[in-house]
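Below: one structure, written as structure tokens.
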Amino acid sequence: MSTSTQAAIIADLESRRLIAQVAGGEELRRHLAGACRTLYCGFDPTAESLHIGNLLPLLALRRFQLAGHRPIALVGGATGLIGDPSFKDAERKLNPAATIEGWAERIKPQLARFLDFDRGEGAALLVNNLDWTQGCDVLDFLRDVGKHFSVNSMIQKESVRQRIGREGEGISYTEFSYMILQSFDFAELHRRHGCTLQVGGSDQWGNITAGIDLTRRLHRQQVYGLTFPLITKSDGSKFGKTESGTIWLDPAKTSPYAFYQFWRNAADADAGNFLRYFTFLPIAEIGEIERADAESQSRPQAQGILARETTALVHGEQGLAAARRITEALFSGNVADLTAEDLRQLELDGLPCTAVTAQTALLDVLVESGLARSRRIARELVASGAVSVNDQTQSSANGDEPLPPDLALHRDYYIIRRGKKNFHLAKLN
RNA sequence: GGAGGGGUUCCCGAGUGGCCAAAGGGAUCAGACUGUAAAUCUGACGCGCAAGCUUCGGUGGUUCAAAUCCACCCCCCUCCA
């Protein structure tokens with residue numbers, strides 16, 4: 001690995017607009033040049049799977065590794081027990097320790113998937129901060145670590161200020177201590193593995209700088225920090241959520257098809273940035289895509305490329321193939337052309353499927369499939385012409401009728417559609 | 001422990017005895033226009049085909065009638081100790 005590559009990581013991140021804040025500035029750039037450095041990013045187990053909000057830092061670790069550095073993915077088995085209060089407007093309820101532990105175990109392989117653990121001096125590491133926090137003696141911790149923190153400066157941090165200053169919500173001592181734990185992680189990773197850089201979302205700035213301070217005080221060593229920008233959407237809505245909720249990385253929770261569709265539906269104004277943030281395409285190529293889309297009067301290419309790249313990254317070529325098969329079948333084809341095999345494959349590929357009988361009324365199919373929340377809503381949808389079965393728009397008259405048997409594709413399947421892009425398979429049995 | 005302020009439909013937030021399934025905003029859904037985009041416009045948004053039924057932290061009470069009044073309880077916030 002050449003020197004220039006290792007140093008170029010910062011320029012690459014800059015060109016992708018991935019740098020929000022840097023602790024160390026020019027010094028960090030020099031530090032990264034010419035040697036394989038160790039950096040880390042933490043991921044708390046707050047659910048049974050990571051979600052696309054975690055994708056940006058995860059991919060960044062990979063970018064650093066590709067540039068010749070050594071990434072450490074940290075699972076917050078300990079910090080997950082406490083809960084990060086940063087920019088959260090309310091105290092969160094504690095989950096049982098066993099739950100957190102289970103989540104941590106499920107998250108590990110998701111982290112591992114993006115990193116290379118067999119790469120000589122740059123080989124990635126997967127650690128759990130529970131390993132050095134669990135047996136920690138309270139008195140020792142307060143004396144050796146706590147003494148380095150000033151509550152005065154802790155309450156100044158922007159990340160917790162709203163919880164302390166404003167009316168409405170307070171902050172427990174538990175959550176307030178989170179910063180100390182995360183700081184200790186950084187210092188400990190420096191001691192154990194020579195880690196000199198922590199990266200994270202910009203909401204982590206306060207925790208990262210606190211860790212830099214602690215490492216200096218504890219080990220008299222200069223370490224660095226770098227944060228990524230908060231991902232925003234052009235319309236101001238929250239990134240990473242859809243009607244159906246969070247976009248997870250676990251294919252059992254968000255199918256590759258749903259994942260693909262999420263990206264495919266990115267707004268024009270966001271697509272370019274998302275390509276920079278979430279793919280490894282060269283920056284010049286991304287610029288070219290943007291230029292072409294801006295000039296062309298027809299449908300843009302960016303979203304399709306974005307969806308293919310990200311889906312392949314997270315779900316592999318097989319997942320991508322499945323996602324594209326479903327997309328092809330539903331959006332560009334004539335469903336009548338689908339073979340029995342195709343339909344079976346759609347079900348296997350993860351298109352949601354519900355079993356129905358020859359007696360189930362359309363309204364009930366809509367409710368059972370989750371396409372409508374209640375029969376009353378289902379009725380409304382049908383009345384407004386939002387529901388189609390095998391490409392045939394249904395009218396109110398059909399609501400209480402079962403799906404006509406002669407309409408079943410290959411005697412077995414119906415493709416139920418609500419609105420423009422919500423599809424569901426109904427299987428006759 | 002003391003004093004004060006609160007808990008309303010997914011969220012924010014009005015409502016202080018009937019006109020309340022409950023204002024307004026947001027989110028969401030659908031339709032129109034499009035390109036599976038954005039913006040815009042229209043409609044829906046507790047459950048029910050309907051009659052009607054079930055909601056306003058919990059329980060019990062007052063009343064012809066309660067989200068609104070009373071009692072007790074639970075939870076949250078602020079300040080003091």
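In what follows, chains are A, B, ... by sequence order, proteins preceding strands, each numbered from 1.
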Could you check which nucleotide pairs with B:A3 in any of the strands shown, counting Watson-Crick or G-U wobble with both distances under 3.5 Å? B:U78
Watson-Crick or G-U wobble partner for B:A66, using a 3.5 Å limit on both distances? none
Test of ring centre spacing under 6.0 Å for A:Phe331 and A:Phe423: yes
In whole Å, what separates the C1' atom of B:C77 from that of B:U40? 42 Å
If B:A51 has a Watson-Crick or G-U wobble mate with both distances under 3.5 Å, name it; if not, just say none. none
Between B:A21 and B:A37 - C1' atom distance, rounded Å: 37 Å
Give me the distance, rounded to whole Å, that separates B:G57 from B:U8 when you measure between the C1' atoms they each carry. 10 Å
Which whole number of Å gives the distance between the C1' atom of B:A67 and that of B:G13? 14 Å
How about CD on A:Gln318, more than 12 heavy atoms from neighbouring residues, nucleotides or ligands closer than 6.0 Å, or not? no
Tell me whether the side-chain N/O atoms of A:Ser374 come closer than 4.0 Å to OP1 or OP2 in B:G48. yes
Inspect the surroundings of CD in A:Gln134 and state if more than 12 heavy atoms from other residues, nucleotides or ligands are less than 6.0 Å away. no
Measure the distance from CG on A:Leu362 to P on B:C49 and round it to the nearest whole Å. 13 Å
Measuring centre to centre across the rings, with the benzene-like ring taken for any Trp, is A:Phe259 within less than 6.0 Å of A:Trp248? no
Using the P atom on both, measure B:G2 against B:C53 and round to a whole Å. 45 Å
Would you measure the distance from the C1' atom in B:U62 across to the matching atom in B:C69 and give it in whole Å? 8 Å
Partner nucleotide, any strand, of B:G31 [Watson-Crick/G-U, under 3.5 Å]: B:C41
Distance from A:Gln345 atom CD to A:Thr339 atom OG1, nearest 0.5 Å? 9.5 Å
Under 4.0 Å protein heavy-atom contact, by nucleotide of nucleotides 31-45 of chain B - B base, S sugar-phosphate only: S-BBBBB-S----SS
Quick one, A:Phe274 with A:Phe262, criterion ring pair (Phe, Tyr, Trp, His ring centres under 6.0 Å). Give me CA distance, side-chain angles, the key distance, then yes/no. CA-CA 12 Å; A:Phe274 288 179; A:Phe262 169 78; 7.5 Å; no
Ignoring backbone atoms, establish whether A:Arg375 has a side-chain N or O less than 4.0 Å from OP1 or OP2 of B:C47. no
Here's one to test your reading of the geometry: is the NZ or CZ of A:Arg344 within 45 degrees of the ring axis of A:Tyr413 and under 6.0 Å from its centre? no
Base partner of B:G24, which must satisfy Watson-Crick or wobble distances under 3.5 Å: B:C12
Who pairs with B:U36 - Watson-Crick or G-U, where each distance is under 3.5 Å: none
When both hydrogen-bonding distances must be under 3.5 Å and the geometry is Watson-Crick or G-U wobble, what is B:C19 paired with, if anything? none
Should we say atom CD of A:Glu368 is surrounded by more than 12 heavy atoms from elsewhere, each under 6.0 Å from it? yes
For atom P, what is the distance between B:C45 and B:G58, given to the nearest Å? 25 Å
For A:Asp364 and B:G48, give me the distance from atom CG to atom P, rounded to whole Å. 10 Å
If we take the C1' atom in both B:G61 and B:C75, what is their distance in whole Å? 22 Å
